[in-house]
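Heads up, the thing below is written out as structure tokens.
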Amino acid sequence: MHDIKAIRDNPDLYEQAWSAKGRSGVTAEALALDATLRAAQTALQKAQSRRNDLSKQIGQAKGRKDEAEAARLMAEVETLKGVLETQGAIERETGEALRDLLAGLPNLPAADVPAGADENDNQEVRRWGEPFAIASPKDHVDLGETLGLMDFEAAARMSGSRFVVLKGQLARLERALGQFMLDLQTREHGYLEVSPPLLVRDEAVFGTGQLPKFAEDLFHTEDGRWLIPTAEVSLTNLVRDQITPTEELPLRLTALTHCFRSEAGASGRDTRGMIRQHQFQKVELVSITTPDQSDEEHERMVGCAEAVLKALELPFRTMLLCSGDMGFSARKTYDLEVWIPSEGRYREISSCSNCGDFQGRRMNARTKAAGEKATRIVHTLNGSGLAVGRTLVAILENYQDENGAIAIPQALHPYMGGLNRIGGDA
RNA sequence: GGAGAGGUGGCUGAGUGGUCGAAAGCACCGCACUCGAAAUGCGGCGUGCCUUAACGGGCACCGUGGGUUCGAAUCCCACCCUCUCCGCCA
């Protein structure tokens, strides 16, 4: 959500960004609504002020038993009724229209975000590790099914497409990955572990920006709640409607949760395997900061996500997304892409975004320093640290040997009860 | 699921139609007193919005949204949330 005052101060900047996303003219539309709204507010408040004044006098007149004066005053109030009603209606309707309009407009890219249309315009920032030399690599589906530990058919029978059943050491590997990531982020990077609700209200999903525009991407329950598509929703909403003392910022939160996505717009994409599922686990990182801390925190957060891939010794590259490839709420986003041998390319495994005050304003999350009078909207950041399912895919494919066995990365040995290999002779 | 109670400022808590944005206490801040502190005294102490060059002025907010009324924290309706008892349950 955008600050209408900022739009008023700098209309060209907004118009430029929104027309690039096919919404030319919305800036003028918003400003027109704003002008109407404020005119109505001023007229309404003037009338209300007069009414309050007269009402007070009516009370005093009645106190003196001066019924004639009271009647005269009441008649005068009567003449204000028309203004009160029409201006009140205009204020309500215009305010709502303006809110609805602003709520559907995406965040503006930060100044250092490259302009571009789609993923082809993203910029590689750095690269870590070399893709392993694997002769005719199998994909994770082949590997998992051959091991007898990954079953898409059983999942389809009970749940439909885009689900999977993991068994035995693969189920354990998934669990190990989640634990390992959570431990890394809490112990080494200072994030506070949180176990949040997975079902949330409309307001929560509105706050992070999935509503109102992206309802079809989410699962909705019959009692009117939403399954979270990411723990970003639950973690960020922890500060909704709160004034967090500035001294407590940055607030660093993490959670290992399941995530649920309808993948409505992804028909036909990644239908094979575990890359794109309706349900998957993810360790999420969220930071709540002051406005001046968020850029620095963003770089730090990317480092926290990268640390997981480094610890697992998986080759990856870090991409700075261009303006056209960023999500609705983000002002700047880095994606981490891990090497997937069977596809011979890098694929997204983490996305770290600085949302600026965009989400904070939507959820009325503010901060105030001790002794200060004014509150400020907080900045919010979120990133995956990492997506567990895709990490499992990357491990299977990158650590396979010619016999279809999987080596377990060193860092996970403690979490696998000392097991260092799945399949083969092990 | 059944029955009941309740949501007022950072906290406790008064207020059941009219100078109530809201008593009082606590907490906090400033000043005075003091060598300093405590105690005491005086003053201050919510949020958002509109308007103003500024000083200032105004509107709204007593869980949320509607309604009644000249006027609503107070009356009516709906919803949300919390608590207690019973039932059920991992």
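Here is how names work: the chains are called A, B, and so on, in the same order as the sequence lines, proteins then strands, and each is numbered from 1. Bear in mind the structure is a predicted one, so any value in this text is a computation, not a measurement.
- For A90(B), there is no paired base (Watson-Crick or G-U wobble, both distances below 3.5 Å).
- Base pairing of C55(B) is not made with any nucleotide, judged by Watson-Crick or G-U wobble geometry with both donor-acceptor distances under 3.5 Å.
- Cation-pi geometry between Arg175(A) and Tyr415(A) is not met at under 6.0 angstrom from the ring centre and within 45 degrees of the axis.
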- Message: Return a single string for nucleotides 45-67 of chain B, one symbol per nucleotide in 5' to 3' order, where B is base contact, S is sugar-phosphate-only contact and - is none, cutoff 4.0 angstrom on heavy atoms.
- Response: --SSSBS------BBS-------

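- Across all strands shown, the partner of G46(B) is C61(B), judged by Watson-Crick or G-U wobble contacts whose two distances both fall under 3.5 Å.
- No side-chain donor-acceptor contact under 3.5 Å links Thr236(A) and Thr208(A).
- A gap of 23 Å separates the C1' atoms of C26(B) and C33(B), to the nearest Å.
- U64(B) and A14(B) are spaced 24 Å apart, taking the C1' atom of each and rounding to whole Å.
- Using a 3.5 Å distance cut-off with no hydrogens or angles, the side chains of Ser287(A) and Glu297(A) do pair a donor with an acceptor.
- Using a 4.0 Å heavy-atom criterion, one finds that Gln60(A) contacts the bases of the nucleic acid, with or without backbone contacts as well.
- Taking atom CG on Asp241(A) and atom C1' on C81(B), their separation rounds to 13 Å, with Å as the unit.
- Using a 3.5 Å distance cut-off with no hydrogens or angles, the side chains of Ser294(A) and Asn354(A) do pair a donor with an acceptor.
- Pairing partner, U40(B): A32(B), with both Watson-Crick or wobble hydrogen-bond distances short of 3.5 Å.
- Of the C1' atoms belonging to G10(B) and C45(B), the separation is 11 Å, rounded to the nearest Å.
- Across the protein-nucleic acid pair, Lys56(A) atom NZ and G18(B) atom P stand 14 Å apart, rounded to whole Å.
- U16(B) makes up no base pair with any nucleotide shown, lacking Watson-Crick or G-U wobble contacts both under 3.5 Å.
- Using C1' as the reference atom, G58(B) and G43(B) are 26 Å apart when rounded to the nearest Å.
- More than 12 heavy atoms of other shown residues, nucleotides or ligands fall within 6.0 angstrom of atom NZ in Lys21(A).
- Pairing partner, C85(B): G2(B), with both Watson-Crick or wobble hydrogen-bond distances short of 3.5 Å.
- Using C1' as the reference atom, A5(B) and C59(B) are 35 Å apart when rounded to the nearest Å.
- Across the P atoms, U16(B) and C76(B) are found 14 Å apart, a figure rounded to whole Å.
- Rounded to whole Å, the C1' atom of C86(B) lies 34 Å from the corresponding atom of A73(B).
- Checking each of Arg162(A), Arg390(A), Arg261(A), Arg347(A) against Asp270(A) for a salt bridge (charged side-chain N to carboxylate O under 4.0 Å, His left out) leaves exactly one that passes, namely Arg347(A).
- With a cut-off of 3.5 Å on both Watson-Crick or G-U wobble distances, the partner of A22(B) is given as none.
- C49(B) sits 31 Å from U12(B) when the C1' atoms are compared, rounded to a whole Å.
- In summary, the side chains of Thr79(A) and Glu76(A) do not present any donor paired with an acceptor at a separation below 3.5 Å, with no hydrogens or angles considered.
- Under the 3.5 Å distance criterion, with hydrogens and angles disregarded, a donor-acceptor pair is assigned to the side chains of Tyr334(A) and Glu299(A).
- Residue whose closest nucleotide on RNA chain B sits further toward the 5' end, between Arg201(A) and Ile58(A): Ile58(A).
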